[in-house]
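Beneath this line is the structure, given in structure tokens, with notes to follow.
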Number of protein chains: 2
Amino acid sequence: MSHSVYGRLMSVDRTQVLRAAAALLSRRATATMDEVARAAGIGRATLHRQFAGRDALVRALEELGIQELEAAHDRARTGEGPADEAVRRLVAEVEPVAPLLSFLVTENQLFEGDQQNEGWARLDARVSDLFRRGQEEGTFRIDLTPAWLTEALYGLIGSGAWAVQDGRVAAKDFQYMIVELLLGGARRSVEK
Amino acid sequence: MSHSVYGRLMSVDRTQVLRAAAALLSRRATATMDEVARAAGIGRATLHRQFAGRDALVRALEELGIQELEAAHDRARTGEGPADEAVRRLVAEVEPVAPLLSFLVTENQLFEGDQQNEGWARLDARVSDLFRRGQEEGTFRIDLTPAWLTEALYGLIGSGAWAVQDGRVAAKDFQYMIVELLLGGARRSVEK
DNA sequence: ACCGAATGAGACATCAATGTCTCACCTGAT
DNA sequence: ATCAGGTGAGACATTGATGTCTCATTCGGT
């Protein structure tokens, strides 16, 4: 009688299901609940037992994504050292989450209005702060707002993820392409 | 008996309907056929008479978007003058089509596989050629592939369109933010 | 070996959007 | 004034996904 307190005996791992769902939905955002279940190797009924519905699943994925992105921030120590190097570390840490991030951003665009997760605000603030810090340190230009740089970073990560998925860019170049464009731009520079 | 050859007497303007659909779907990609019809000020039946179904409507929007983007290219004369200035002109000309472009790109990502319009390949080639030309002229760095720069341009335009729509970036800064980041990057440069 | 809990499979109702059709009405051309 | 063609509104069937439920089976702990 020591079991069933927090759901022992569960043979399906909630996190594992979420990861499978993330992998599938990142490729095909319109995938069915049934497809998600099969991708996770479980029955549709079980999937429904764990997540009240599609909305709940997506919200759980949002939680997962936000969690992993914040972990990426922590690992990248975005508050330390030169801002441009911090950006470099951040992109490197975020890369594994890029497809999921791309999915969630698109999902957020589709369903406007109905209050977005506060976690996004926290993340936006962290990224934004990073760029602002870079501006104050004189590393980043001040004519591009931190808000826009944050948007641009998300956009480039999304574009990069899709480009890699479609084979238009080699996976090994993901970080380089994004960071170099974001930091250095396309124009050939005198320095460097 | 001079009428009804190509559909004279039509009181609904197909192009006008398409523009209304573009405006609505750019904001809410999941909008219903009924909503599209109302947004265009016509009945759902009429909408269906002009476009066999939702797919047909989206494909027509694709045609419209591609057409306008090619027109933008032409007006921007992307083949003339320094490549970086050509990019600047291109973004300026593309701005009005940005929301539609963003919608179509997302739509293309969702429905993978079923052969995409050849027009995209033509457009990709034109943008890609522009960046390649810039590289050959020594204006653009050669370590970022034209394919990636093309992706990045689309991504930044999409991000910009959404940021403007959500009020995170002022509409008047759209061009500047995109072009400056794309060409110059975020890092403060010695020159300029 | 037993037993409770969780699962998978499938049946089922529901719901929203789509696509088709009919019909009354309006409009523009003659 | 007449008439053909186009339209709007609504009824209707269809489809696909969702969510709920039941039940036999399986798995893990004892």
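Every chain is numbered from 1 and lettered A, B, ... according to where its sequence line falls, protein lines coming before strand lines. In this text the structure is predicted, and so the values were computed from the model without any measurement.
- The side chain of B:His48 approaches C:dT18 more closely than any other nucleotide in the set C:dG8, C:dT18, D:dT18.
- For B:Met33 and D:dG8, the CE to C1' distance is 16 Å, given to the nearest whole Å.
- Nearest-nucleotide mapping onto DNA chain C: of A:Arg49 and B:Ala45, the residue sitting toward the 5' end is A:Arg49.
- Listed candidates were D:dA11, D:dG8, D:dT20. Nearest to the side chain of B:Ile42 is D:dG8.
- With rounding to whole Å, A:Arg14 atom CZ is found 17 Å from C:dA6 atom C1'.
- The distance between atom CZ of B:Arg44 and atom C1' of C:dT22, rounded to the nearest whole Å, is 14 Å.
- One atom, CZ of A:Arg54, and another, P of C:dT14, lie 23 Å apart when rounded to the nearest Å.
- Checked for salt-bridge contact, A:Glu93 and A:Arg88 miss the test: no charged N lies under 4.0 Å from a carboxylate O.
- In this structure, A:Asp34 atom CG and C:dC12 atom P are separated by 18 Å, rounded to whole Å.
- Remark: A:Met177 CE to A:Lys172 NZ distance equals 7.5 Å, nearest 0.5 Å.
- Atoms CG (A:Leu47) and C1' (C:dA6) sit 15 Å apart, rounded to a whole Å.
- Across the protein-nucleic acid pair, B:Gln50 atom CD and C:dG19 atom P stand 15 Å apart, rounded to whole Å.
- In this structure, A:Thr32 reaches the D:dA17 phosphate: one of its side-chain N or O atoms is under 4.0 Å from OP1 or OP2.
- Separating the CD atom of A:Gln16 from the P atom of C:dT7 is a distance of 13 Å, rounded to the nearest angstrom.
- Contacts of B:Asp166 classified as side chain to side chain contact (heavy atoms under 4.5 Å, CB included), with partners at least two apart in sequence or in another chain: B:Trp162, B:Arg168.
- A:Arg122 places a side-chain heavy atom less than 4.5 Å from the side chain of A:Glu70.
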